[in-house]
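Take a look at the structure below.
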Amino acid sequence: MEVRYSPDPNGFKKMTTDELRKSFLIENLFQVNQIPMVYSDIDRSITGSAVPSGQSLKLTASKKEMAAEYFCERREIGVINIGSKGKIILDGKEYEMNNKDALYIGRGTKEVIFESDNESNPAQFYFVSYPAHKEYPSKHIKYDDAIHRHLGSVETSNKRTIHQYILPEILPTCQIAMGLTELEDGSVWNTMPAHTHQRRSEVYMYFNLKPDAFVVHLIGEPTETRHLIIRDRQAVLSTSWSLHSGCGTQSYSFIWAMGGENQVFDDMDWIAMTDLR
């Protein structure tokens with residue numbers, strides 16, 4: 001498990017492009033038959049993936065970083081499958097995971113196993129975990145059971161659908177909130193007008209990008225922004241003081257996951273378009 005430490009706003013201003021990428025960008029996700037993970041000091045999130053092909057993959061705790069006997073001893077997890085059909089087995093109970101299905105895994109779950117139905121066309125499980133203070137039951141949220149919000153417009157190049165899976169309106173959790181946003185053809189902007197979350201952090205994972213396409217992801221304080229070039233199936237960490245917004249060379253999708261003090265989706269500190277620099 002890789003460990004990341006985030007800079008404060010003053011240190012951030014002095015960072016090179018390479019230093020920014022090493023601090024905030026996660027490039028090594030979705031490796032076949034591995035579970036790469038990044039542990040961040042930003043709300044102690046863990047971001048990872050599992051692509052099982054011809055074998056089962058068991059999620060285990062890193063005792064050095066987590067000091068736990070099993071991964072969910074003091075944690076909860078949100079998972080979304082962006083690949084083909086597979087299953088997640090929690091303490092012997094199987095959950096069939098179709099493309100764009102989600103699963104909330106509650107604290108106290110001792111065994112988490114990922115499997116694919118088709119070895120040559122595997123499931124691609126993306127997950128984000130935060131510490132949990134209470135046990136809530138695990139829950140499978142199918143794509144059709146999510147809250148689907150249609151937002152934006154063609155005129156502002158951000159016509160999109162937000163699929164909300166893990167929110168208080170659907171199920172109780174300790175702090176994690178998670179969903180998936182899909183931009184329509186011709187729309188390239190996400191999260192603009194931009195905002196920050198003083199009360200929580202966020203992780204974006206971009207996907208459905210062609211090999212030669214990318215997203216220019218904005219980070220930093222509103223009056224002194226920086227950017228990262230992000231490719232297909234890469235994730236970016238966002239602190240509470242940083243905005244998080246992007247513009248792509250094509251339409252794309254991204255999974256967002258939040259953890260911190262407040263789970264209300266619309267709890268955002270909006271930034272006026274005229275204030276961005």
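Here the structure is a predicted model, which is why all the values come from computation and not from measurement.
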Exercise. Hey, are the side chains of His227 and Ile229 touching, using non-hydrogen atoms and a 4.5 Å cut-off?
Worked result: yes
Exercise. Is there a donor in the side chain of Thr109 and an acceptor in the side chain of Asp91, or the other way round, less than 3.5 Å apart?
Worked result: no
For this session: Work out which heavy atom in Asp185 is nearest to a heavy atom in Ser251; give both atom names and the distance.
Result: OD1-OG, 3.5 Å
For this session: Ignoring hydrogens and angles, tell me if any N or O in the side chain of Gln250 forms a donor-acceptor pair with the backbone of Asn208 under 3.5 Å.
Result: yes
For this session: Using the six-membered ring wherever Trp is involved, compare the ring planes of Phe24 and Phe12 and label them parallel, tilted or perpendicular (cut-offs 30° and 60°).
Result: perpendicular
Exercise. Is the backbone N or O of Gly11 less than 3.5 Å from a side-chain atom of Asp8, with the two atoms forming a donor-acceptor pair by type?
Worked result: yes
For this session: Give the intermediate values and the outcome of ring-ring contact (aromatic ring centres under 6.0 Å, His included) for residues Tyr143 and His148.
Result: CA-CA 9 Å; Tyr143 173 79; His148 308 285; 5.0 Å; yes
For this session: Measure the shortest side-chain to side-chain distance between Lys159 and Ser153 over non-hydrogen atoms and say whether it is less than 4.5 angstrom.
Result: no
For this session: Determine, step by step, whether Lys100 and Glu182 satisfy the salt bridge (Lys or Arg N to Asp or Glu O under 4.0 Å) criterion, reporting the C-alpha distance in whole Å, the side-chain angles of both residues, the deciding distance to 0.1 Å, and the verdict.
Result: CA-CA 11 Å; Lys100 294 192 286 190; Glu182 295 180 296; 3.1 Å; yes
For this session: In plain terms, say whether Arg4 and Asp41 are close enough for a salt bridge, that is, a side-chain N and a carboxylate O under 4.0 Å apart.
Result: no
Problem set entry | Shared hydrophobic cluster, Tyr126 / Val51 (ILVMFWY, side-chain heavy atoms < 4.5 Å) | yes
For this session: For residues Phe125 and Ile88, determine if any side-chain heavy atom of one lies less than 4.5 Å from a side-chain heavy atom of the other.
Result: yes
Exercise. Which residue pairs pass the side-chain hydrogen bond (donor to acceptor under 3.5 Å, both in side chains) test with at least one member in residues 210-222, sequence neighbours excluded?
Worked result: Tyr206-His217
Exercise. Charged N to carboxylate O below 4.0 Å: is that the case for Arg75 and Glu73?
Worked result: no
Exercise. Any chance the side chains of Tyr252 and Asn190 put a donor and an acceptor closer than 3.5 Å?
Worked result: yes
Exercise. Taking atom types as modelled, is there a side-chain donor on Thr156 or Trp189 under 3.5 Å from an acceptor on the other?
Worked result: no
For this session: Inspect the contact between Arg199 and Asp269 and indicate whether a charged nitrogen and a carboxylate oxygen are less than 4.0 angstrom apart.
Result: yes
For this session: Examine the side chains of Gln124 and Arg233 and answer whether a donor and an acceptor come within less than 3.5 Å of each other.
Result: yes
Problem set entry | Nearest heavy atoms of Tyr130 and Asp43, plus distance in Å | CD2-O, 3.5 Å
Exercise. Strictly by modelled atom types, are Ser138 and Tyr95 linked by a side-chain donor-acceptor pair under 3.5 Å?
Worked result: no
Exercise. When you measure from the side chain of Ser49 to the backbone N and O of Leu29, does any donor-acceptor pair fall under 3.5 Å?
Worked result: no
Problem set entry | Side-chain donor or acceptor of Glu119 paired with backbone N/O of Ser116 under 3.5 Å | no
Exercise. Are the side chain of Glu111 and the backbone N or O of Gly92 linked by a donor-acceptor pair below 3.5 Å?
Worked result: no
Exercise. Has the side chain of Ser23 got a donor or acceptor atom that lies under 3.5 Å from a matching backbone atom of Glu19?
Worked result: yes
